[in-house]
Amino acid sequence: MGVKGRIRLGVLASGRGSNLQAIIDASQAGRIDAVVAIVISDVADAFALERARTHGIEAMFVDPNLFETREGFDAAIIDLLRKRDVDLVCLAGFMRLLNPLFIREYRNKIINIHPALLPAFPGLHVQRKALKHGAKFSGCTVHFVDEGTDTGPIIIQAVIPVLDDDTDESLSARILTHEHQIYPRAIQLFAEGRLEVRGRRVFCHGIPPAELDEKRNWGAINP
Ligand code: GRF
């Protein structure tokens with residue numbers, strides 16, 4: 001646990017880092033009880049690193065080519081996270097699979113954001129796949145990371161309709177605005193110690209009864 005009861009985050013990102021930015025903004029605005037302790041990338045010129053530096057956050061490129069094995073690369077990252085007392089690892093567009101070694105070390109302490117309603121459309125290019133499949137709803141998912149690809153227990157999902165005139169780009173953009181909302185929210189639930197993983201299910205404790213009632217009748221129908 002970090003300064004003033006705020007948890008310490010280690011963010012792993014390979015690209016533009018818009019989710020990282022949403023997390024930094026939420027942290028700096030005091031909307032989450034969390035601080036970004038370090039940002040690590042496997043891509044030297046990832047814009048995510050620049051975003052971190054702009055905010056005075058430690059940003060490190062770890063070159064995967066310097067390691068003979070994937071385990072070696074993961075061990076180096078674990079070492080960095082440990083030395084910074086990271087409580088929660090956030091994958092934000094990190095384009096590498098973590099080894100079982102990593103998952104064991106941070107069991108139920110690694111979360112990921114995925115731009116689809118899991119378990120539908122895991123993997124890459126998922127908005128295109130959702131369109132091609134004719135899905136009427138899509139959205140995004142924050143989940144704990146386990147040994148599989150996008151298979152871990154689901155924490156939060158946001159649902160959005162797929163519109164007739166949607167393209168890969170328009171759908172991705174609409175999903176992204178929701179990603180930026182649910183990722184900080186999931187971090188806050190974790191920081192408050194409200195998440196409990198039981199098998200595949202994640203239970204969120206402490207939701208007031210009135211809010212629960214409202215949720216019970218929620219639904220969406222297309223068009
Ligand atoms: C997001 O769509 C996220 O869901 C996926 O990778 C993308 C990363 O975008 N895992 P950004 O780098 O956070 O802008």
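In each ligand, atom 1 is the first atom listed, and ligand 1 is the first ligand listed. Hydrogens, waters and symmetry mates are skipped; everything else that's a heavy atom, side chains included, is used.
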Quiz item: Which residue owns the protein heavy atom closest to atom 9 (O) of ligand 1, what's the atom, and how far is it?
Solution: R16 NH2, 3.3 Å

Self-check item: Within 45° cone of Y106 ring axis and under 6.0 Å: R82 NZ or CZ
Solution: yes

Using distance only, find each side-chain donor-acceptor pair of residues 17-26 under 3.5 Å and give its atom names and separation, not counting sequence neighbours.
{"from": "S18", "atom 1": "OG", "to": "H180", "atom 2": "NE2", "distance (Å)": "2.8"}
{"from": "N19", "atom 1": "ND2", "to": "E179", "atom 2": "OE1", "distance (Å)": "2.9"}
{"from": "Q21", "atom 1": "OE1", "to": "R51", "atom 2": "NH1", "distance (Å)": "3.3"}
{"from": "Q21", "atom 1": "NE2", "to": "D25", "atom 2": "OD1", "distance (Å)": "3.0"}
{"from": "Q21", "atom 1": "NE2", "to": "H55", "atom 2": "NE2", "distance (Å)": "3.1"}

Practice problem: Specify the protein heavy atom at minimum distance from atom 10 (N) of ligand 1: its residue, its atom name, and the distance to 0.1 Å. | Solution: I113 O, 2.9 Å

Quiz item: Would you say N19 has any N or O atom under 3.5 Å from an N or O of ligand 1, going by distance alone?
Solution: yes

Quiz item: Would you say K129 has more than 12 foreign heavy atoms packed within less than 6.0 Å of its NZ?
Solution: yes

Quiz prompt | For atom 11 (P) of ligand 1, the option (of S14, S18, G93) bearing the nearest heavy atom | solution = S18

Practice problem: Let me know which of L118, L12, D150, I155 forms a side-chain contact (heavy atoms from CB on, under 4.5 Å) with N112. | Solution: D150

Quiz item: Quick one: does G17 get within less than 4.0 Å of ligand 1, heavy atoms only?
Solution: yes

Quiz prompt | Heavy-atom check, side chain of L98 versus side chain of I77, under 4.5 Å | solution = no

Quiz item: Does the N or O separation between E179 and ligand 1 drop below 3.5 Å for any pair?
Solution: yes

